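Below is one structure, written out as structure tokens, with a few remarks after it.
Remember, predicted model here, so these are calculated numbers, not experimental data.
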There are 2 protein chains.
Amino acid sequence: MATIKDVARSAGVSTATVSAVLNDSAYVSPPLRARVLAAIRDLNYSPSLAAQNLKRGRSQLIALVVADLANPFFSRVVWAAEAAVAAWGYSLVVFNSDEKPEAEQRILSRVRMLSCDGVLLVPVGDSTKHLQRDPDEKPLPTVLFGRTVEDDKSDTITIDNISAGRQATEYLLDLGHTRVGSITGPLHLTTGRGRLDGMLAAMKSRGLAPEPRDVRSGEFREDAAYSVARSLLEQQDRPTALYVASGLMALGAMRAIADLGLRCPVDISIASTDTIPGIGGLRPRLTRTEHPLVDMTNEAVRLLVDRIRRGGEVEQRNIVFQPSLVVGDSCAPVGLR
Amino acid sequence: MATIKDVARSAGVSTATVSAVLNDSAYVSPPLRARVLAAIRDLNYSPSLAAQNLKRGRSQLIALVVADLANPFFSRVVWAAEAAVAAWGYSLVVFNSDEKPEAEQRILSRVRMLSCDGVLLVPVGDSTKHLQRDPDEKPLPTVLFGRTVEDDKSDTITIDNISAGRQATEYLLDLGHTRVGSITGPLHLTTGRGRLDGMLAAMKSRGLAPEPRDVRSGEFREDAAYSVARSLLEQQDRPTALYVASGLMALGAMRAIADLGLRCPVDISIASTDTIPGIGGLRPRLTRTEHPLVDMTNEAVRLLVDRIRRGGEVEQRNIVFQPSLVVGDSCAPVGLR
DNA sequence: AACACTCAGCTAAACGATTAGCTAGGTTCA
DNA sequence: TGAACCTAGCTAATCGTTTAGCTGAGTGTT
């Protein structure tokens with residue numbers, strides 16, 4: 001690989017001049033500039049990011065730490081984030097904490113070692129104490145995505161989970177269902193807890209409450225939702241409608257319904273929150289709340305880049321996106337059959 | 001951030017000794033070693049990868065360049081690759097070439113700038129001429145994944161696409177279908193071409209050949225497959241079975257079937273190749289060939305790491321994985337209805 | 001006692017960029 | 001004419017590591 005010295009020698013100038021041309025950091029007369037550019041072309045030179053990183057103290061790298069890479073929802077986040085990050089001139093380093101706080105901690109220390117300029121984090125634990133390892137060293141620019149944690153000073157991008165749960169549940173209630181159950185996400189996560197709270201609020205405002213045995217929580221996974229749904233629906237006395245906390249889980253629930261010989265929506269109505277790719281092919285079409293994932297991701301990257309550039313001088317921002325109901329045909333009026 | 005100098009000063013030794021302790025690169029007496037380790041702990045020191053990269057000429061980064069990050073198939077590759085790469089002590093930088101050769105080229109030059117140690121590439125074009133920019137500089141360690149290109153010297157991990165097409169088609173033929181159509185991938189890709197060739201071979205060996213109008217090619221996308229399937233199936237005189245080249249496309253085809261008011265498998269049988277997450281929830285269950293994606297990815301990373309470490313001294317390796325048929329209920333004997 | 005070895009640990013030169021500070025020549029103006 | 005000021009480009013220090021090569025003390029041999 002050619003270095004800046006080779007270019008300087010070949011153009012008959014100093015390395016400072018080459019650097020000035022490369023970065024437009026000082027005026028260079030046209031003839032010299034031309035010679036430098038020619039030398040760069042001849043030698044097929046491109047500056048070493050490693051050296052730049054060392055000198056400048058930044059790396060052009062943004063880390064994305066997701067809680068479960070196997071979840072298609074987060075795959076879409078990876079997709080959207082890669083594009084957004086590239087548009088700002090960064091590259092995306094992807095990590096999977098697999099919902100394990102220890103793994104998250106390991107990853108974050110690696111992120112520091114790599115001197116990533118910032119991190120887009122879907123936090124796993126219920127705190128980010130482990131983020132600042134040293135009180136006096138300046139914190140790694142961070143944007144929390146999708147989930148929030150207690151008393152953190154990072155910017156956040158989230159959805160209104162309560163509204164999501166409420167909207168989906170209200171739709172079911174409007175169809176006349178009174179016995180509504182739910183398969184929730186983990187309740188220690190804001191996404192799990194919030195959606196359930198929204199569901200409960202919707203029912204409460206109509207003087208209803210779910211049977212305790214109709215509300216089961218599980219992980220945000222297809223197989224977990226499948227088995228939870230199975231055991232929930234195997235009760236001889238089961239709910240007529242189900243609010244399922246995520247798209248991936250809805251897939252599991254649908255599979256359970258089919259395997260139990262039930263029909264959706266005739267025997268049981270399903271509504272859920274969030275979507276995953278390919279779900280559009282599913283029949284019946286799922287009634288669900290969706291949120292603008294691409295916009296959310298773009299906004300998250302924008303905030304992060306802003307914080308990387310302007311640092312602490314900008315105050316904390318917490319942006320909440322609103323979910324909207326997408327009506328499919330997975331829900332029917334109660335007592336249809 | 002504490003530097004190696006701070007550690008050296010605090011422990012009362014030279015930086016060389018600290019480095020020796022960190023890398024086990026020379027014998028350091030127990031007392032000194034202990035002092036160094038204590039200083040490291042006190043100062044919460046971790047070496048700067050930027051500086052190490054510059055000095056060592058490597059970055060602990062492996063690039064993954066996929067052809068379409070929006071395709072759930074590649075999302076699974078990201079998931080598997082992240083885990084494999086982390087197990088070898090590397091971090092994964094993800095790029096999306098979006099099936100565009102120019103983008104791939106841009107990405108690869110960025111990969112060089114980042115001085116990634118190696119790249120796992122799902123190639124987009126039909127050649128990798130753009131890979132070695134300079135004939136004399138040593139090539140970036142590369143493993144081609146899934147697709148191959150002409151006259152390349154990289155290691156490759158692929159599946160036997162011909163066998164995949166053949167197996168799926170033979171299954172349809174065994175059910176008595178004689179009028180079989182296909183929705184293929186792009187025919188300039190080995191994955192698209194090979195699967196079609198396998199299908200044609202299977203038919204030919206029984207003295208059959210598809211009607212030209214029953215074979216349509218499209219991109220590996222859900223929406224593309226949807227519209228191609230629609231126009232194919234809207235013919236009043238249509239095939240009784242369809243071989244679809246990918247899991248994502250099969251989803252599109254199924255959706256087209258449903259939207260046309262047809263039933264699968266009663267009116268039309270579908271078999272496909274490869275799988276995507278969540279497809280297990282689909283009803284009817286898709287009959288398809290699957291390949292061991294996780295094993296393939298692990299093997300690809302293993303080859304890549306081996307090439308990074310042992311360089312040119314190891315000869316080119318081309319590993320072909322075999323697909324296997326997974327029978328669902330998306331295919332029925334011909335003339336069932 | 002003189003010599004050759006070992007050995008632990010140090011000094012200082014890289015790696016490839018950026019950049020503060022300098023220099024030498026050219027203008028401007030009293 | 002010469003002080004003051006610009007200007008274009010150079011010199012050299014610097015970022016935080018690694019590592020070749022050195023040093024000086026200790027050991028063993030004759």
How close or far is atom [atom2] of [N] from atom [atom1] of [X], stated in whole angstroms?
X       : N      : atom1 : atom2 : answer
A:Leu32 : D:dA8  : CG    : C1'   : 8 Å
A:Tyr27 : D:dC10 : OH    : C1'   : 17 Å
A:Arg58 : D:dG16 : CZ    : P     : 15 Å
B:Arg33 : C:dG9  : CZ    : P     : 10 Å

Side chains of B:Asp6 and B:Tyr45 in contact at under 4.5 Å (non-hydrogen atoms):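 Sidechains of B:Tyr45 and B:Asp6: no contact.
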
Any residue meeting side-chain hydrogen bond (donor to acceptor under 3.5 Å, both in side chains) with B:Arg76, in chain and number order, not counting sequence neighbours: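 For B:Arg76, no residue satisfies side-chain hydrogen bond (donor to acceptor under 3.5 Å, both in side chains) once neighbours in sequence are set aside.
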
Is [X] reaching over with its side chain to a backbone N or O of [Y], donor-acceptor style, under 3.5 angstrom?
X        : Y        : value
A:Asn71  : A:Phe73  : yes
A:Arg307 : A:Val314 : yes
A:Asp117 : A:Ile62  : no

Under 4.0 Å protein heavy-atom contacts per nucleotide of nucleotides 11-17 of chain C, with B for base, S for backbone only and - for none: BB-BBBB

Side-chain N,O (A:Ser29) to OP1/OP2 (D:dG9) below 4.0 Å: yes

Charged N-O contact under 4.0 Å between B:Arg33 and B:Asp24: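 So B:Arg33 pairs with B:Asp24 through a salt bridge.
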
Salt-bridge criterion met for A:Arg221 and A:Asp68 (N-O under 4.0 Å):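 Judged by the 4.0 Å cut-off on N to carboxylate O distance, A:Arg221 and A:Asp68 do not form a salt bridge.
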
Sugar-phosphate, base or nothing in reach of B:Val13, heavy atoms under 4.0 Å: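 If one applies the 4.0 Å heavy-atom cut-off, B:Val13 turns out to touch the sugar-phosphate alone, with no base involved.
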
Touch class at under 4.0 angstrom, heavy-atom based, for A:Leu49 against every strand present: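 No contact.
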
Donor-acceptor side-chain pairing of B:Ser19 and B:Asn23 below 3.5 angstrom: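 Side chains of B:Ser19 and B:Asn23: pair found under 3.5 Å.
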
Listed pairs, N/O of protein and of nucleotides 22-27 of chain D, under 3.5 Å:
none

